Amino acid sequence: NELVEWSIPPSNIEVIPNGVISLPANFPKEKNPTVIFLGAIAKDKGIEDALVVFSLILQSHPHWQFWVVGKGEDKYLNSLHIPAHVKFWGFASEPKKFELLARAHVMLNPSVREGWGLVNIEANSVGTPVVAYDVPGCRDSVKHQVTGFLCPLKDISCLADSIRNLIANKPLYSRTSTAAKSWSK
């Protein structure tokens, strides 16, 4: 759509979705509901919104786990207040990344823009649904109400509610997880 806005004829555009090579990640889900943020620890990737979402969920679900996986500039990382209830994993190797994605129940992607949203497909490949903002890239890689849920940009309450509802509704979670695996292929 953006290319068309730049006056490129639609007949000259072909979209080829990114492929993902999913590493074997046959790990059981965590005992307690677990939400993972995976990406660069940067403002545009939504780490600040993710921390707010985690704190909103924690108010009603103190036993849930929240994981942050990724690397960022030390200066920025040091300026963030990462609460004690959030486990910061730092950079993860490919095998560790897929293990964590498989063990988590939901991936939160509050990025303000993605080129495609490869991390969404990686999460889906191990049966982990994604909750993200309805922004370029995420709306291409997350099928709303099928492989995850999309929320209006900066609607943090929607992100938190979508995660809570997804985990609370077992049949919905099962359908979404199964569809996510299929979509990633």
Side-chain angles (χ1 to χ4, degrees), residues 1-2 5 15 17-18 20 29-30 32-62 64-70 72 80-83 85-87 100-184:
N1 291 336
E2 289 177 1
E5 289 174 12
V15 176
N18 263 349
V20 60
K29 296 293 184 190
E30 288 288 298
N32 290 329
T34 303
V35 182
I36 187 171
F37 169 93
L38 172 65
I41 310 302
K43 188 177 183 96
D44 66 323
K45 292 296 184 180
I47 184 61
E48 294 170 9
D49 288 0
L51 294 173
V52 174
V53 169
F54 293 165
S55 67
L56 286 175
I57 293 172
L58 186 66
Q59 292 171 10
S60 56
H61 301 286
W64 284 28
Q65 298 182 107
F66 306 99
W67 295 346
V68 173
V69 181
L80 288 176
H81 170 67
I82 298 184
H85 65 273
V86 175
K87 180 166 183 169
L100 295 172
L101 285 170
R103 289 171 44 201
H105 292 86
V106 176
M107 189 181 87
L108 171 61
N109 186 351
S111 179
V112 298
R113 180 181 192 81
E114 292 285 334
W116 160 249
L118 183 59
V119 295
N120 300 331
I121 302 300
E122 289 173 333
N124 285 174
S125 76
V126 292
T128 302
V130 177
V131 173
Y133 284 138
D134 185 5
V135 296
C138 287
R139 73 174 60 109
D140 299 312
S141 56
V142 177
K143 295 172 90 176
H144 183 58
Q145 297 181 345
V146 177
T147 66
F149 291 86
L150 295 170
C151 293
L153 182 61
K154 293 300 179 185
D155 190 341
I156 292 173
S157 293
C158 177
L159 294 174
D161 290 344
S162 295
I163 292 169
R164 282 190 289 251
N165 293 338
L166 187 55
I167 290 179
N169 185 332
K170 301 279 189 232
L172 174 64
Y173 185 86
S174 180
R175 278 192 314 272
T176 306
S177 178
T178 300
K181 282 182 183 178
S182 178
W183 165 240
S184 73

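Keep in mind that what you see is a predicted model, and the values were worked out from it rather than measured.
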Pair Lys87 + Glu30, salt bridge at N-O below 4.0 Å: no
Salt-bridge criterion met for Asp49 and Lys154 (N-O under 4.0 Å): yes
[X] side, atom [atom1]; [Y] side, atom [atom2] - distance, nearest 0.5 Å:
X      : Y      : atom1 : atom2 : result
Ile36  : Asn109 : CD1   : CG    : 11.5 Å
Leu159 : Arg164 : CG    : CZ    : 10.5 Å
Cys158 : Ile163 : SG    : CD1   : 9.5 Å
Trp67  : Leu38  : CH2   : CG    : 11.5 Å
Thr128 : Leu101 : OG1   : CG    : 6.0 Å
Leu153 : Arg113 : CG    : CZ    : 11.5 Å

For the backbone of [Y] and the side chain of [X], can you confirm whether one donor and one acceptor N or O come within less than 3.5 Å of each other?
X      : Y      : value
Lys29  : Ala102 : yes
Ser141 : Trp116 : yes
Asn169 : Asn165 : no
Arg139 : Asp134 : yes
Thr178 : Arg175 : no
Ser182 : Ala179 : no
Ser177 : Gly127 : yes
Ser184 : Lys181 : yes

Whether over 12 other heavy atoms sit under 6.0 Å from Asn32 CG: yes
Shortest non-hydrogen contact between [X] and [Y], atoms and distance:
X      : Y      : result
Thr176 : Gly148 : CG2-N, 3.6 Å
Lys45  : Ala40  : CB-O, 3.4 Å
Tyr133 : Ser111 : CD1-O, 3.6 Å
Asn120 : Cys138 : ND2-SG, 3.8 Å

4.5 Å side-chain heavy-atom contact, [X] and [Y]:
X      : Y      : value
Val86  : Phe37  : no
Pro129 : Leu166 : yes
Trp183 : Ile121 : yes

Parallel, tilted or perpendicular, as decided by the 30° and 60° cut-offs, for the rings of His61 and Trp64: parallel
Step-by-step side-chain contact (heavy atoms from CB on, under 4.5 Å) determination, Val130 to Thr147: CA-CA 7 Å; Val130 177; Thr147 66; over 6 Å; no
Trace of the side-chain contact (heavy atoms from CB on, under 4.5 Å) decision for Phe66 with Val53: CA-CA 10 Å; Phe66 306 99; Val53 169; over 6 Å; no
